[in-house]
Amino acid sequence: MRREIPLLITGIVGVVFVISYFIPHFPFNMMDGWFSDWFSIIQACAIVLGALNLLLISSQKIIRRKTDWGYSIVVMATFFLMIIAGFSGGVEFRGPDTTFTWLYNFTFMPLSSTMYAILAFFVASASYRAFRARNAEATLLLGAAFFVMIGRVPIGDLITGFMPEGARLSDLTGWIMDYPQTAGQRAIMIGIALGLVSTSLRVILGIERSHLGGDS
Amino acid sequence: MDHFGIWLAAFLTLGIYSFLYRDNAWYKLSESIFIGISAGYWVVILFWDNFYAKFWLQRQDDPMLWVGAALGFLMLLRLIPKIGWIARWPLAFIDGATAGLWGMNFLASNIMVQTKATIMPLMGPAFSGSIGDLLSNLVLVGGTFCGLIYFFFSKEHKGAFGNAARVGIWTIMITFGAMFGYTVMSRMSLLIGRIDFLFRDWLGLLK
Amino acid sequence: MNRRMIEMSILAVITILSIIAYLGKINGWHNGYTFSTGLSITLIILLAASVIFILVLTIKGKLIGRRIVFLYIGIAITLPLFMDISQEIVVSNDVKAVYADLEGLPAGSKILVSFDYDPASAPELQPMAEAFIGECFKRDFKLIMMGLWPMGPQQANMAVDTIMNRMGLTDQDIIYGEDWVNLGFQTGDVFVIQRMGGSFESMFHTDINGRPYQDIPLVKNIKNFSNIDYSFNLSAGFPGTVEWVQVGVDRYGLKLSCGNTAVQAPTVYPYLKAGQLSGLIGGMNDGAAFEKLTQLEGKATKFMLSQSFSHLIIIAFIFIGNVAYFRTGRKSALKK
Amino acid sequence: MSLSQRKSFSVFPAIQFIIIIALTFVLSVNSFAQEATDDTTSVTSVIIAPPTNLLVEDFEYDDGEKLNLIWTPSIDDQPQVGKVTGYQVFRVTNDDVTTKIAELMPGANNFTDQELDKDSTYSYYVTAIANGAEASSVTTSPISPQREWVNFGLTNLFVIALIIGGAIFYFIEMGKRGKKLFVRKIAGLEAVDDAIGRATEMGRPILYIPGIHDMDDVQTLASLTILGRVAEQIADYDIKIRMPVARSLVMTAARETIKASYQAAGRPDAYSDDMVSYITDEQFGYVAAVDGIMVREKPATVFLLGAFFAESLILAETGNHVGAIQIAGTARPAQLPFFIAACDFTLIGEELFAASAYLSNEPKALGALKGQDVGKIIAAAAIIAGVLLETVIQLTDSESAATLLGYLRQAFTT
C-alpha cells in the first residue's frame, strides 16, 4: 500500500493536469494556478526539513569534534543571525534600514556575486586545459567560439575594418548566430521537448517509480 | 558610507577568490558564512513570500489554499520516523503535476512552434533572394534536420544515416562553440563588475 | 623563508596597501587614476610580450599551471579599467531592432519592463536597464516595472535613480505613479505571467511601496497585457525570456523584446528567428551598442576595453593549450 | 439663375474672407489660451469621425468570462497625421452601469474584456478621443459570454500529443510483450559501470549532484530516476555515495529513491539518511559548499545530472581538478559546452531523459525511447515536406501546393 498509493496519486494527478490543458471550464482552468500556489506553500514547509538537516549535520560535527568543526559553529551562528534579522522586524524585514537588508547587502550579495564572477577564472582554465582541436567536431566548436569571441567585441571590427561593410567579423558572427547556431538550437530544443514528454509519460504511467520509495 | 560593511564585503570577496590559489582557512570561513547566511536567508524569504503572503494573508479568500497547507503538513510528517512515509503523498502529487504540466507546455512551445518556424522558403519569393540566402537557409533547414537525426535512438549511426548524424553533430558543435563564446563574454563581464567593485567602490582607485 | 611565510607577507602587503588606498579615498588624497597613453601602450606591449614568452615556453615543452592562467585573466581585466582608449562599438541588427521598436512607438505608450535578475548579473544587465529606461523617459513613455526574481525590483529602482541622475532629471520631471511605477516582486515564476494575462491587479495588489493598485494613476486603467503597447524583459535565467515568450507572447500576444546575459542570448535566438521576439540585447557588448544608439553612455561602454582584452587573452590561452596538445604528441596530460 | 450665380460669386469671397479672419482669430486666441493654461480641453473646432463596425463576440473556448471586441478605427486615425490620440472602451452592464474599461493607443482595433460573469449581459461602445473632441461608436446589443467545455483551438496540439503519446504507449506495450527493441549505444551511459567500478577500486566516494532546481522541474525528476538505477549498482558494490542538494524537497525525494534502490538490491541495512544532505537553496552558497566537499573528500566519480546553470562549470572544473571521472548531463543548452569540455562524458539534452530508460534496459522503458523517435520522425518529415512545398510554390506558383502547405502549417499551429 505504501508503494501503490503514491503511484496512484502521481498517475491520477498527472492525467488530470494533462487534460486540464484542453479544458477551459472551471475547475480545470484554475488547476495550474492552484498548483503554483500549493507548490509555494509546500516549499515553505519543506525548507523546515532542510534547515533542520543542516543544523543536525553541523551540530553533529561540533559535538563529535570532526575535522573543521569550528566552521560548523560559523554556519550555525550566521544562520541564526539571519533568522533573527528576518523575523524580528516582522513583514517589513526588507525595508531599506533593517539589519536583514544590511546583511544582504554586505555579506550575501558580495558573496554570491563573487562566487558567480569566479566563473571567469574557471572559464579561462577550462579553455586552456580542455578545448583542443582533437577532431573535426572539437575543431568546429573552437572555430565558432573563436569567431563569436572576437566578432562580438569591438576589436573584431577593428581588425577587419578594411573589409566592406557586411563582410566584417561582426557580420560573420551574426551569420553564425542566425543560421547554424539557430539550427543546432532547434534540434536540441525539439529533442529535449520529446525527451521531456516521454519522461513525463513514464512518470505518469508509473514506469519510473524508484523516486517514490520502496516498501517500507 | 558604511565603512565596516564595505570592508566586510571586500574581506569576503577576497576570501572566495583565495580558493583560486588553494583551499585555505580564509575560504573555509567565507564558505561557512555564505552557507549559514544563505540558508537563513531562504528560510526567511520562503516564510514571508510563500507561506505568509501566499497562504496566511489569503487563507480566508481562497479556501483552495488549505489543500496546499495540508500537503505541506504531510511533508512535515517526515520528522516523525514512524509515519514519515506519508510524506511520499505530497511528493507524488508534485511529480504528477509537474509531469502533466510541463509535458504539454514543451510539446506546444518547443516542438510545434520550432518545427513550424523551420518550414520556410529556401529563397525569397520569385527568387528575390541571393545565392547566399539560399545557402544560409539550407544550412538552417539541413542543420535542424540532421540534428534531429543525431538524436535518433533506434538506428545505429552507420552509412548515409551515419553521415547525416555526423552533419547533425557538427551543427550542434557549432552551436556549442557559439554558446561557448557567449559564455566567455558573459563571465568576463561579471568579473569586470566585481573588479570594478574592488577598485572603485572599495578602494576608490578608479576614476 | 618557507611558502607559508611568503604567502603571509604578500597578504600583509596587500592589506596595508588596501588600507592606505581606502584612507586615501575617504580623505580625498586621491581621486582615482587613469593611465597616460604612453603607459597604457607600454603595459599592453609588456602583456603581449609575456604571453608570447609563455607560448615559447610551451613550444619548448614547459607547460604552465592554471594559477598562471588565473593571474593573466585578472590582469587582462584590471589594467584596461585604468586605460582611456576608445573603440568603435558595432551595433548588431538585433539591437537596432529594439531601438527601432522604441522609435516607432508614440509618446505616452505604456511599456512593461520585467526585471528578472539579481545583483550577481547586474554588471551585464544594469547598463541595458539604465539605457532603456533613459530612452523611454526621453520619449515620454510610461513604464510599468516588475520582477519575477526577488531582487529584480530593487535593481529597477537603482537603475531609475542612476539614469535620472545622469540625465539631470528630477522627481518633478519624471513623476512616480504617473510616468513610471514599480509593482515589485511576486513568487510563482511562470504562473505570475499567466495570471497577469487575466489581470495585473490579481498578482500585484500594491506597488513595491505598498500603495494600492487602484490608487496609482498610471496603472489603475491597466487591466492586463491588452493595455500594454510594448514590453521588455531583462533576464538572467529562469524564469525569464523563455517563459515570457511561451506565455506572454504565445498565449497573450504580447509584443516583446529582451535584454539577456550573454549566456542566455544564444538560447533565445530560435525565438528571435521565429518572430516571437522582436529584438535582443545580448551581453555587455550589445549593452554598449544600445548605449551608443541612445547616446546614454554608461558602464557598458566604459568596460568594453576590458571585455576586448579578456577575450584576446582567452583566445591566446586556447591557442597555447592547443600548441601544448600538438607539441606533446596529442597525449597531453597538462599538469594540474 | 445667372444673376444669383453671379451674386453668390461676388458674395462668396467676402464671406470666405470673413470666415478666414474669424477662424484665424479664434485659433490664435485658442492656441494662446492653450499655451497659457496648457491643458485646456475646450477646443471645439476639431471634429473627428467615430470608430465604426464595432462587433462583440464571445471569446472562443474559455470559461465564460471573456468577450472579444473588434472595430474599424476612426478615419481620422492615421499614422503621424491623424487627429485621434487614443480610444476608450466603455462597458454597459444589464443594470445600466457604464464603466470605462480601457484606454488604448491610436491604431487600436480590438480589445478583450475579461473577468466577466457568464450570467450577465454586456453592451459596449468605443470612443475615439482627439484633442478636445470625442466621437463614440454605436452601443452594441447586449451579449453574454459563453462557457465551453473543450478548447477546440488546441485540436492540433491534441492530435500531435495523441500521436506521440500513442507511439510511446504502443512501444511500451510492445516491450512488455517481450518484443526485442534496438536502441543504439549512448557513450555517456556505457561509462556509468566503469565510473562506479573505479570508485570501488580507489575506495573513494561517489558524488551525485542532481542540479539545483526543485521537484517541479522534469530534469530533476529525470535525474532522480537515473539516481535510482545508479544507487542500485552502488549498493551492490558497497561504496559511499555522497549527495549534497540545494532543495529540501529534493532531499526528501532523493532519500526515498536511494532507500528504495538499496532495498531492491537487498541491502536495506546499508542505507542511511546521511547520504543525502541539504546545504542551502542559494545557488552559489551551494556551489561554495560542494566545491569544498570535492576538494576535501576527493570523490573518485562525480555525476552532474539535472538542471544546471552557471554553477555547472565551477563544479565541473573543480571535479576535474581533484581528478574525478565525471559524467554530466543537462537539458539547459547553455551549460553543455563546458560540460563537454570539462567532463569525461556528457549527455546532451534529450539523452539525459533517455538515460534512466537506457540504464534500466527494461523493454518497456526502452519502448518509451522508440516513441520519442516517432516524434522526431514527425518533426523531421514536416520540415522536409514543408520546405519542399515552399520551394515548389516558388517555382511554379502551384495552388494545390499552397493549400497543402497551408494544412501543414495549420497542423503545427497551437
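- Scanning all heavy atoms of the two residues, the minimum distance from A:I62 to A:S72 falls at CG1-CB, 3.7 Å.
- Heavy atoms closer than 4.5 Å to chain A are found in the side chain of B:A108, but not in its backbone.
- Note on B:I172, B:I35, B:L76: by heavy-atom pairs under 4.5 Å with chain A, the leading option is B:L76.
- Here the options are B:L8, B:I195, B:L198, the test is side-chain contact (heavy atoms from CB on, under 4.5 Å), and the partner is B:T13; only B:L198 passes.
- With a threshold of 4.5 angstrom between heavy atoms, B:Y41 approaches chain A through its backbone and through its side chain.
- Judged by distance alone, the side chains of B:D95 and A:T10 never bring a donor and an acceptor atom under 3.5 Å apart.
- Of the atoms belonging to B:N105, heavy atoms from both backbone and side chain fall under 4.5 Å from chain A.
- Among B:G168, B:A9, B:S32, the residue making the largest number of heavy-atom pairs under 4.5 Å with chain A is B:S32.
- Between B:I83 and B:I86, some side-chain heavy-atom pair lies under the 4.5 Å cut-off.
- For A:F35, the part sitting under 4.5 Å from any heavy atom of chain B is the side chain, from C-beta outward, and nothing else.
- There is no contact between A:S58 and chain B, counting heavy-atom distances below 4.5 Å.
- For B:F11 and B:W7, the distance between ring centers is not under 6.0 angstrom.
- Contacts of A:Y21 with chain B are made by side-chain atoms alone, with heavy-atom separations under 4.5 Å and no backbone atom involved.
- Both the backbone and the side chain of A:I188 come within contact range of chain B, with heavy atoms under 4.5 Å apart.
- Contact of B:F34 with chain A is made through backbone and side chain together, with heavy-atom distances under 4.5 Å.
- Ranking B:G142, B:G177, B:S186 against chain A, the residue ahead of the rest is B:G177, based on heavy-atom pairs under 4.5 Å.
- Using modelled atom types, one finds no donor on one side chain facing an acceptor on the other under 3.5 Å when comparing A:S200 with B:W102.
- Note on A:F106, A:F122, A:F121: by heavy-atom pairs under 4.5 Å with chain B, the leading option is A:F106.
- The cationic group of B:R59 does not satisfy the cation-pi geometry with B:F55, failing either the under 6.0 Å distance to the six-membered ring centre or the 45° limit from the ring axis.
- Comparing A:L8, A:L201, A:V123, A:L119 by how many heavy-atom pairs each has under 4.5 Å with chain B, the most go to A:L119.
- Of the atoms belonging to A:M177, it is side-chain heavy atoms, and not backbone ones, that fall under 4.5 Å from chain B.
- Ranked by heavy-atom pairs under 4.5 Å with chain B, the list A:I19, A:I190, A:I192 is led by A:I190.
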With a cut-off of 3.5 Å and sequence neighbours excluded, list every side-chain donor-acceptor pair involving residues 136-155 of chain A.
residue : atom : partner : partner atom : Å
A:E137  : OE2  : B:W170  : NE1          : 3.4
A:T139  : OG1  : A:N135  : O            : 2.6
A:R152  : NE   : B:Y182  : OH           : 2.6
A:R152  : NH2  : B:Y182  : OH           : 3.3
A:R152  : NH2  : C:Y269  : OH           : 3.3

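- By the 6.0 Å contact criterion, CZ on B:R200 is enclosed, its count of non-hydrogen atoms from other residues, nucleotides or ligands being greater than 12.
- Donor-acceptor pairing under 3.5 Å is recorded for the side chains of B:D2 and A:W102.
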- Item | Test side chain to side chain donor-acceptor pair (under 3.5 Å) applied to B:R187 and B:T183, step by step | CA-CA 6 Å; B:R187 301 313 179 216; B:T183 308; 5.8 Å; no
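- The greatest number of non-hydrogen atom pairs below 4.5 Å with chain B, out of A:V74, A:V13, A:V197, A:L111, is found for A:L111.
- By number of non-hydrogen pairs under 4.5 angstrom with chain A, the leading residue of B:G143, B:A178, B:S38, B:G193 is B:A178.
- With a 4.5 angstrom heavy-atom cutoff, B:M179 touches chain A only via side-chain atoms.
- Contact of B:S189 with chain A is not made at all, since no heavy-atom distance falls under 4.5 Å.
- In this structure, chain A has heavy atoms under 4.5 Å from both the backbone and the side chain of B:L29.
- When all heavy atoms are compared, the tightest approach of B:G15 to B:S30 is CA-OG, 3.5 Å.
- When heavy atoms are compared at a cutoff of 4.5 Å, A:I84 does not approach chain B at all.
- Checked against the 6.0 Å centroid threshold, B:H157 and B:F152 do not count as a close aromatic pair.
- Annotation: side-chain contact (heavy atoms from CB on, under 4.5 Å) contacts of B:D23 (sequence neighbours excluded): B:F19, B:Y27, B:K28, D:V295, D:R296.
- By number of non-hydrogen pairs under 4.5 angstrom with chain B, the leading residue of A:G14, A:A120, A:A44 is A:A120.
- Between chain A and the residues B:N50, B:T171, B:V141, B:D49, the most heavy-atom pairs under 4.5 angstrom are made by B:N50.
- Looking only at heavy-atom pairs under 4.5 Å with chain A, the residue among B:F145, B:F93, B:F51, B:F151 that has the most is B:F93.
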- Message: As a quick check of understanding, evaluate side chain to side chain donor-acceptor pair (under 3.5 Å) for A:S170 and A:T173, giving each step before the final call.
- Response: CA-CA 5 Å; A:S170 60; A:T173 307; over 6 Å; no
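- Aromatic ring centres of B:F180 and A:F131 lie closer together than 6.0 Å.
- Only the side chain of B:M185 comes within contact range of chain A, judged by heavy atoms closer than 4.5 Å.
- Residue with the most contacts toward chain B among A:D68, A:I73, A:N105, A:L103: A:D68 (heavy-atom pairs, distance under 4.5 Å).
- At a 4.5 Å heavy-atom cutoff, B:A10 makes no contact with chain A through either its backbone or its side chain.
- The contact between A:F22 and chain B is made entirely by side chain atoms (from C-beta outward), counting heavy-atom distances below 4.5 Å.
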